[in-house]
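Proteins come first, then strands; the chains are lettered A, B, ... in the order of their sequence lines, and each starts at number 1. Nothing here was measured: the structure is a model prediction, and the numbers come from that model.
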Amino acid sequence: MATRYNAREVEPKWQKAWDDAKVFEAKSPSEAGDMPKAYVLEMFPYPSGRLHMGHVRNYAMGDVVARFHKSKGYNVLHPMGWDAFGMPAENAAMEKGAQPGIWTHENIDAMKEQFAPLGLSFDWNREFATCDAEYYGHQQKIFLKFWENDLVFRKKSKVNWDPVDNTVLANEQVIDGKGWRSGAEVEQKELEQWTMKITKYADDLLSGLQNLDKWPEKVRTMQANWIGKSIGATFKWPYAGDVPAGGDENGIEVFTTRPDTLFGASFVALAPDHPITKELAKTNTKIAEFIVEAAKGGTTEEAIEKAPKLGVDLGFKVKHPFNPDWKIPVWSANFVLSTYGSGAVFGSPAGDQRDLDFARKYDLPVIPVVLPTNTDEASYSIENEAYTGNGTLINSEFLNGMDSNGAIKAAIAKLEELGLGTSSTTYRLRDWGISRQRYWGCPIPAIRCDNCGVVPVPEDQLPIELPEDPDFSEPGNPLDRHPTWKHTSCPKCGKDAVRETDTMDTFMDSSWYFARFCDTQTGEPVNKEAVGYWLPVDQYIGGVEHAILHLLYSRFFTRALHDCDLIDLPNGEPFAGLFTQGMVTHETYKSLKGQWLSPDDIDEKDGSYFEIATGEPVSVGSIEKMSKSKKNVVDPSVIIGDYGADVARWFVLSDSPPERDVEWTQSGAEGSWKFIQKLWSLAEAAPSDDDGEIKDGPAMDLLRTTHKTIDGVTRGITEFRFNTSVAQIHEFANALKKAENAKGPGIATARRFALKTLAQLISPFAPHIAEESWATLGGEGLVTLAPWPIADEKLMSSDTLTLPVQVNGKKRGEIQVDKSASKEDVEKIALADPKVSSFLADTQIKKIIVVPGRIVNIVI
RNA sequence: GCCGUCGUAGCUCAGUGGUAGAGCGCAUCCUUGGUAAGGCUGAGGUCGGGAGUUCAAUUCUCCCCGACGGCACCA
């Protein structure tokens with residue numbers, strides 16, 4: 001008797017079976033023996049309290065990979081935890097009076113409850129939250145190690161300062177120059193920051209990218225751009241007169257990638273906050289005014305792009321390095337960045353658009369020095385467009401006639417000979433300031449003592465725990481104004497001292513959690529042996545928005561941990577394979593009044609949408625990432641409640657390629673529901689017993705289809721194209737449906753084999769119905785633990801082929817030939833085909849092209 | 001401006017130097033004891049546009065158009 005598939009009963013049953021059998025617990029290296037290991041990790045979530053569809057997609061993908069490897073006999077580590085520090089908890093504290101710790105743990109509990117019904121193959125034994133004192137205590141130990149090894153230091157640097165909330169803001173928290181929370185105009189402020197020496201590894205982080213062949217090209221390019229290696233020369237421009245106030249004795253240092261254009265120099269420009277500029281401004285109001293003016297420009301990209309070139313003559317000159325008689329004026333210009341290179345450049349207007357714009361504005365000379373290839377020197381001139389390419393050097397004394405590359409080398413050699421400079425490499429990457437004036441983060445284990453300066457907290461005093469009674473009634477850092485927390489004694493001299501009240505950037509927390517997962521019980525920050533076994537993560541999955549920050553910081557951390565001898569990871573790479581999945585999107589809806597409406601608020605009638613509450617028409621907007629603000633969210637828990645986890649999982653894996661966005665639609669969800677039902681009806685209709693050997697006919701066809709499907713689905717998984725696996729399973733299900741009416745020797749055997757294979761193939765995607773089908777079919781044990789089927793290549797194709805026959809490149813007929821037929825035989829059969837021959841009447845055949853196994857083309 | 005990805009059926013996407021495909025949707029019909037349904041059949045495509053290479057181009061090359069993403073006063 002046929003029954004309806006009831007996900008609500010079936011899914012919890014199998015989740016319990018997996019739990020009872022402890023199938024998702026990773027084995028220790030010694031238990032694993034010869035098993036290969038697979039560390040599958042999805043970026044751990046921030047515990048916002050609600051699971052969203054993006055999570056479902058991310059974790060469903062990881063689950064496919066993890067379950068597949070499990071079936072392939074790997075020892076799989078697939079852990080889950082919580083990236084639990086950060087601003088939202090403090091915002092909740094300020095808005096609702098919730099204590100961040102309590103609020104966060106409530107959220108974790110709520111999300112864990114939502115995770116459970118999804119049936120994901122996590123090893124929950126290894127769960128932790130980064131806000132656990134145990135975890136961040138270890139992080140403090142790592143911090144001390146880094147400190148010992150000069151990988152962390154204190155540095156004054158410019159930061160975004162929100163004067164209302166009294167805190168540093170990250171760049172991404174500054175929107176149009178204003179604090180995202182307070183709306184206050186953000187100030188640039190010099191602050192002492194704890195800083196990670198990521199630039200120590202700049203070159204290694206760059207060259208390491210080349211070996212990450214299982215990373216998306218896009219991410220590698222983004223990181224390479226971010227690191228921004230430039231090869232060129234650093235050299236000095238000696239002063240033509242006295243050393244200006246604030247200046248280095250020997251001259252002004254500049255960096256350039258184009259020393260070949262040196263003879264085109266017409267000015268030297270310093271950043272508005274270069275020491276010389278700042279010093280001169282003290283006695284010169286014009287310069288002082290310029291600094292203020294230059295600082296005004298907005299921080300948005302648009303503002304930067306539109307900002308006109310501005311400058312001020314600083315009133316002194318330098319000598320050209322190659323000709324001491326040639327005096328060049330020194331300016332300060334708003335387009336020179338103090339944070340890049342030495343904060344000073346020389347302007348060679350003919351070869352740089354910015355320099356040209358500047359020169360035209362302030363009437364400085366423009367000397368063409370690079371002649372593009374195949375250009376006549378006599379008629380060559382620069383108007384308002386600089387030539388930045390390579391060419392032949394002109395107007396450049398000893399460099400004349402050389403090509404750009406040769407001239408670069410010659411110019412550097414000359415600078416070295418003169419003792420003014422040398423070839424050098426500059427990076428765009430800057431050291432990582434990690435101080436945050438926040439409560440809800442990992443306390444920095446340092447103590448400030450009037451006698452001894454800044455002193456590390458002794459390791460045996462760790463963890464420095466956060467106080468549980470922060471006061472959020474006013475802006476600023478609750479740690480700093482806490483009545484007792486910061487007061488302590490100096491570990492060195494014992495006198496009264498204060499703790500560092502800044503906490504660490506939350507990106508610190510996520511920079512090593514994957515190493516902690518390897519052994520969450522160890523009393524050390526990380527267990528070297530376990531890390532040696534599990535790392536690198538074989539497959540890491542997450543959003544592309546972390547392409548630079550999190551992934552670069554983690555690559556830095558593993559290098560630093562290795563150099564501090566905390567782990568052994570010679571090539572320093574934490575993630576061997578990376579996949580960045582697309583978002584889940586949904587249509588947006590607006591009411592007549594222009595308010596966003598949730599999909600739950602609307603109804604469809606005859607193809608148009610109406611607001612349920614008012615009956616008014618609804619305008620359908622663009623398809624966008626699901627977001628609370630636009631209300632275009634579909635709650636995974638509701639979907640799971642209505643349709644079950646397998647349907648939700650199936651949907652997010654079906655339509656789009658994993659790296660692209662997927663649009664959630666009601667009809668698509670219903671389609672997934674129907675398909676799950678179909679899978680169940682197929683299993684139920686299975687013959688109860690085999691009926692002998694599979695021979696020719698429908699049984700053999702089904703067997704071939706089965707093997708083709710095994711191959712296709714497997715490749716879809718290993719190539720991270722789950723949507724193609726899903727499509728093949730659809731086709732396979734159709735073939736099985738057809739086979740229900742088929743007759744012939746061995747058809748029951750073939751169907752039973754096909755159905756059991758189907759259960760195995762769907763198990764990484766829709767594991768619950770896979771188990772239920774498997775059990776119905778009499779499969780042994782859990783399908784989750786059954787070895788992955790292997791496609792028999794011999795059975796993937798048939799003995800005869802259908803070949804198209806073209807006449808002059810157009811298809812005119814089809815012929816059936818034996819796989820082993822010779823070219824001559826194929827020609828004969830093609831020419832004999834009545835359809836084909838009708839096109840050949842009364843003509844001369846010029847040529848017959850036979851491509852074995854593919855096609856026949858008759859040229860007339 | 002620079003870099004990258006993409007453009008195939010109404011929608012979401014496979015695919016390939018040689019027969020243009022799947023799922024969903026749509027239409028017709030069948031079933032109404034698998035019923036928040038199921039099944040049969042079908043329509044629907046100058047494979048973004050143009051040029052080139054080739055016996056043959058949706059596929060390779062070049063140019064153009066469009067969409068999306070990243071970077072961007074980085075010397």
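Contact annotation for A:S681: base contact, defined as any heavy-atom pair under 4.0 Å involving a base atom. A:D661 comes within 4.0 angstrom of sugar-phosphate atoms only, judged by non-hydrogen atoms across all strands, and of no base. Within the nucleic acid shown, A:W673 comes within 4.0 Å of at least one base atom, counting heavy atoms only. At the heavy-atom level, A:V856 lies nowhere under 4.0 Å from the strands shown. Contact annotation for A:D642: base contact, defined as any heavy-atom pair under 4.0 Å involving a base atom.
For B:G34 and B:A22, the P atoms lie 28 Å apart once the distance is rounded to whole Å. Distance check on atom P: B:A20 versus B:G48 gives 16 Å, rounded to whole Å. Using P as the reference atom, B:C47 and B:G4 are 27 Å apart when rounded to the nearest Å. Atom C1' of B:U8 sits at a distance of 9 Å from the matching atom of B:G15, rounded to the whole Å. Nucleotides B:C60 and B:U19 place their P atoms 15 Å apart, quoted to the nearest Å. Between B:G1 and B:G44, the distance separating the two P atoms is 43 Å to the nearest Å. Here, B:A14 and B:C6 have their P atoms 9 Å apart, quoted to the whole Å. Between B:G50 and B:C65, the two P atoms lie 15 Å apart (nearest whole Å).
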Quick test: give all pairs of protein nitrogen or oxygen and nucleotides 52-62 of chain B nitrogen or oxygen below 3.5 Å, distance rounded to 0.1 Å.
unit_1 : atom_1 : unit_2 : atom_2 : d
B:C55  : O2     : A:N857 : ND2    : 2.2

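Side-chain atoms of A:R57 come within 3.5 Å of backbone N or O of A:V652 as a donor-acceptor pair. Using a distance-only test at 3.5 Å, with no hydrogens or angles considered, no donor-acceptor pair links the side chain of A:Y387 to the main chain of A:P372. For A:N390 (side chain) and A:S404 (main-chain N/O), no donor-acceptor pair under 3.5 Å exists by modelled atom type.
Heavy-atom distances to RNA chain B give each of A:T221 and A:N225 a nearest nucleotide, and the one nearer the 5′ end belongs to A:T221. Each of A:G341 and A:E659 was matched to the nucleotide of RNA chain B holding its nearest heavy atom; the match closer to the 5' end belongs to A:E659.
Scored by the salt bridge (charged side-chain N to carboxylate O under 4.0 Å, His left out) test, A:D642 finds no partners at all (sequence neighbours excluded). For the salt bridge (charged side-chain N to carboxylate O under 4.0 Å, His left out) test, no residue two or more places apart in sequence or in another chain qualifies with A:R8.
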Audit row: A:K678, A:N734, side-chain contact (heavy atoms from CB on, under 4.5 Å) steps and yes/no: CA-CA 9 Å; A:K678 185 174 189 168; A:N734 285 345; 2.8 Å; yes
Step by step, work out the side-chain contact (heavy atoms from CB on, under 4.5 Å) result for A:W680 and A:I676. CA-CA 6 Å; A:W680 177 238; A:I676 297 293; 6.0 Å; no
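Look at CG on A:D352: it is 13 Å from C1' on B:A72, rounded to the nearest Å. When rounded to the nearest whole Å, the span between CZ of A:F651 and P of B:C11 equals 16 Å. Remark: P of B:G70 and NE2 of A:H546 are 14 Å apart, rounded to the nearest angstrom. Protein atom CD of A:E670 is 13 Å distant from nucleotide atom C1' of B:A37, rounded to whole Å. Atom CZ in A:R660 sits roughly 10 Å away from atom P in B:U12 (whole-Å rounding). In this structure, the NZ atom of A:K309 is 9 Å from the P atom of B:C74, given to the nearest Å. To the nearest angstrom, C1' of B:C6 lies 11 Å from NZ of A:K218. In this structure, A:I227 places its CD1 atom 14 Å from C1' of B:C74, rounding to the nearest Å.
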For residues 252-270 of chain A, which side-chain donor-acceptor pairs fall under 3.5 Å, sequence neighbours excluded?
unit_1 : atom_1 : unit_2 : atom_2 : d
A:T256 : OG1    : A:R258 : N      : 2.8
A:R258 : NE     : A:D260 : OD1    : 3.0
A:R258 : NE     : A:D260 : OD2    : 3.3
A:R258 : NH1    : A:T388 : O      : 2.9
A:R258 : NH2    : A:D260 : OD2    : 3.0
A:R258 : NH2    : A:G389 : O      : 3.4
A:T261 : OG1    : A:R258 : O      : 2.9
A:S266 : OG     : A:P365 : O      : 2.9

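Between A:D711 and A:R715 there is a salt bridge, since at least one side-chain N of the basic residue sits less than 4.0 Å from a carboxylate O of the acidic one.
Ring geometry, A:F235 versus A:W237: the interplanar angle falls from 30° to 60°, so the pair is classed tilted.
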Protein within reach of the bases, or only the backbone? For nucleotides 20-30 of chain B, mark each nucleotide 5' to 3' as B, S or -, using heavy atoms under 4.0 Å. --SS-S-----
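Looking at RNA chain B, the stems built from 3 or more consecutive Watson-Crick or G-U wobble pairs, each pair with its key distances under 3.5 Å, are B:1-7 with B:65-71, B:10-13 with B:21-24, B:48-52 with B:60-64.
Checking A:T199 against A:D431 by side-chain atom types alone, a donor-acceptor pair falls below 3.5 Å.
Applying the 4.0 Å criterion to OP1 and OP2 of B:A75, one finds that A:S230 has a side-chain N or O inside that range. Note on A:R721: a side-chain N or O is less than 4.0 Å away from OP1 or OP2 of B:G15. Put simply, A:R428 has a side-chain N or O that comes within less than 4.0 Å of OP1 or OP2 on B:A72.
Distances from the side chain of A:P657 to the nucleotides B:C13, B:C74, B:C73 place B:C13 closest.
For the side chain to side chain contact (heavy atoms under 4.5 Å, CB included) test with A:Q223, the passing option among A:L205, A:L209, A:L429, A:L212 is A:L209; the others fail.
In this entry the base of B:G70 is anti relative to its sugar, with a glycosidic angle more than 90° from 0.
When all heavy atoms of A:G391 and A:V370 are compared, the closest pair comes out as N-CG1, 3.5 Å.
Annotation: side chain of A:D661 is not in contact with side chain of A:E663 (no heavy-atom distance under 4.5 Å).
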